[in-house]
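Both counts, for ligands and for their atoms, begin at 1 and track the order of listing.
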Amino acid sequence: MMASSRGRATRSAANVATRSNVAAHSSAARTGAPPVPIAPGAWLGLLGGGQLGRMFCMAAQSLGYRVAVVDPGKDSPAGTVADRHLEADYLDPPALATLRDTCAAATTEFENVPAAALEFLARELRVAPGAASVAIAQDRISEKTFLAGGGFAVAPFAVLRSRADAASIDDALLPGIVKSARFGYDGKGQVRVKTRDEVVAAFDAMLQSPAVLERRIALSAELSVIVARDDAGNVAVWPVAENLHRDGILDVSIVPARIPAEIAAQARTLAANVATALDYRGVLCVELFVADDTRLIVNEIAPRPHNSGHYTIDACVTSQFEQQARVVAALPMGATDQHTPAVMVNLLGDIWFDGDEAAPREPDWTRVLAHASAKLHLYGKREPRRGRKMGHVTCLGASQDEALAMARAIKRELGIPGDDAPALRGSATKAR
Ligand SMILES: Nc1ncnc2c1ncn2[C@@H]1O[C@H](COP(=O)(O)OP(=O)(O)O)[C@@H](O)[C@H]1O
Ligand SMILES: [Mg+2]
């Protein structure tokens, strides 16, 4: 159980977790006039052109908004569906000025967007999430320091800023993982270490840029919770996802997670508390480890919708992307209830290559679509690469077993490894 000296926040968030819907409580700390809702028809600005941005565009457009995307790539997944694509760097002054002059509000789909870009826009526009929240989440040192300082349980860690830091770490942190402070994703920027010498070598290999060393935890399961928070401090929490990774990349999310109800309630309360502690505005993902079957540890936070929340599109009343549009536009938040058991399977570029690296070929999607309750989402990326997220499938079932069986079948049919993993056969993940 998380240490909690933050009684008021804990109580109000516990209130949230008992209802899967939006909790109508407002934070006494917030003052000032409520924001004026931005009516459909207006332009919303988006920094980042990846798949999260693409799905945000689609949700915002479906509510009647127009979206302008800033992304340096030519055929980016979001740029190609946006009403306007500004092909420019995130700090490009003319592009930012265009957003400022044409949009009523702006958001981001990418945590590594420079905080300065959000700060610039925030001078004249409504921006959600705020630059300060994004800045915390984009640096593992500030993220872990913030979480630990707020009384949230994190894996024991040390900050590595110099070779001397690396050479003098506490042996209690071994075996561990050295993680670069910035720009890590999908397991990139991480090195597993067993000895001090290996810590120093890993720090050197990362060109001595700031990093954290984190003790390796025996994981009973990995979970995530998507949470949205609006200007008034209302918090909306989705059900808990149980996540299976392969090679450091999310492979499958099973929702609801197969964990005891009280752990699920704790996880949701914890996520709501993190959002409140950050004074967050927008959609946030809190990644959690379960240790010893019962102890929740915050792994990391993402200041945006998350891969493990894609199931919300097909299985929930309101998707994480629609909610992002609602919060950015200062509209009331939608219900987060899940109406159908779901298992999401990621589609990585690997399945485009059948032994022939030189000649990728499109997988046979009719095999997926032959499952009448499988929802296929492809991100329109031109170039498949191994490990690259190209799309996902959400398997909807009358029961969770049915959704799991469909996920196993689709993995097998597409040649995605792990179709017979025990975790996909009805039992929750165990320590690996
Ligand atoms: N301290 C840890 N103990 C055990 N496994 C870990 C630890 N930190 C990370 N991992 C594993 O590595 C994966 C990726 O690490 P994470 O910190 O979430 O980085 P990323 O930004 O790449 O998602 C996690 O989902 C988990 O499986
Ligand atoms: Mg992660």
Side-chain angles (χ1 to χ4, degrees), residues 50-52 109-113 134 136-148 152-160 169-194 198-199 202 206 209-227 240-254 257 267 270-271 274 284-293 295-310 344 346 348 387-389 418 421 423 428-432:
Q51 64 267 17
L52 301 174
E109 60 108 45
F110 176 53
E111 69 257 46
N112 289 322
V113 82
V134 175
I136 288 174
Q138 70 188 192
D139 182 303
R140 285 193 199 273
I141 298 173
S142 55
E143 176 181 74
K144 289 208 180 291
T145 308
F146 163 80
L147 290 166
F152 299 100
V154 295
F157 73 101
V159 173
L160 311 181
I169 54 103
D170 185 343
D171 286 339
L173 295 175
L174 298 173
I177 305 182
V178 177
K179 302 182 177 181
S180 66
R182 300 191 60 125
F183 303 118
Y185 71 99
D186 289 347
K188 293 183 177 64
Q190 301 197 2
V191 182
R192 295 184 171 229
V193 290
K194 292 206 191 71
E198 287 179 7
V199 175
M206 291 178 181
S209 56
V212 296
L213 166 67
E214 208 177 286
R215 192 168 81 210
R216 222 179 297 167
I217 309 277
L219 307 177
S220 331
E222 292 196 55
L223 309 175
S224 60
V225 183
I226 313 288
V227 50
V240 181
E242 175 187 337
N243 300 323
L244 313 179
H245 294 81
R246 213 159 26 88
D247 301 329
I249 307 178
L250 183 66
D251 179 28
V252 171
S253 292
I254 301 165
L270 180 47
V274 170
L284 174 79
C285 175
V286 180
E287 291 183 22
L288 300 168
F289 293 150
V290 186
D292 314 319
D293 287 331
R295 212 155 44 87
L296 292 178
I297 292 172
V298 182
N299 171 29
E300 60 174 350
I301 56 181
R304 49 167 173 76
H306 191 262
N307 193 167
S308 66
H310 291 354
M344 187 231 48
N346 258 347
L348 302 183
R388 188 176 200 202
K389 291 174 178 170
T429 1
K430 282 289 157 204
R432 292 173 298 163

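Across Lys179, Glu214, Arg140, Lys188, heavy-atom proximity to atom 21 (O) of ligand 1 is greatest for Arg140.
Closest N/O/S atom of Glu287 to the Mg ion (ligand 2): OE1. Summary: OE2 is the N/O/S atom of Glu300 found nearest to the Mg ion (ligand 2).
The 12-atom threshold is not exceeded at CG of Asp247, counting heavy atoms of other residues, nucleotides or ligands nearer than 6.0 Å.
Those atoms of ligand 1 with a heavy atom of Ile177 less than 4.0 angstrom away are 2 (C), 6 (C), 7 (C), 8 (N), 9 (C), 10 (N). Counting atoms of ligand 1 from 1 in the listed order, those under 4.0 Å from a heavy atom of Glu287 are 18 (O). Below 4.0 Å from some heavy atom of Arg216 lie the following atoms of ligand 1, by number and element: 3 (N), 4 (C). In summary, the atoms of ligand 1 found under 4.0 Å from a heavy atom of Tyr185, numbered by their order in the structure, are 21 (O), 22 (O).
Backbone and side-chain nitrogen or oxygen atoms of Ile217 are examined, and one is located within less than 3.5 angstrom of a nitrogen or oxygen of ligand 1. Between Gln190 and ligand 1, a contact under 3.5 Å exists for at least one N or O pair.
In the model, His306 has a side-chain atom that pairs as donor or acceptor with a side-chain atom of Glu287 under 3.5 Å.
In this structure the side chain of Asn307 never reaches within 4.5 angstrom of the side chain of Asn243, judged on heavy atoms. Within the 4.5 Å cutoff, the side chain of Val225 has heavy atoms near those of the Leu288 side chain. Counting heavy atoms from C-beta outward, Met344 and Leu250 have side chains that approach closer than 4.5 Å.
For Phe110, the ring-ring contact (aromatic ring centres under 6.0 Å, His included) test picks out Tyr90, with sequence neighbours left out.
Of all the heavy atoms of His245, the ones lying under 4.0 Å from any atom of ligand 1 belong exclusively to the side chain. With a 4.0 Å heavy-atom cut-off, ligand 1 is reached by no atom of Asn243.
Sorted by first and then second residue, the salt bridge (charged side-chain N to carboxylate O under 4.0 Å, His left out) pairs involving residues 298-308 (not counting sequence neighbours) are Glu111-Arg304, Arg140-Glu300.
Between the CG atom of Leu213 and the CZ atom of Phe157 there is a distance of 10.5 Å, given to the nearest 0.5 Å.
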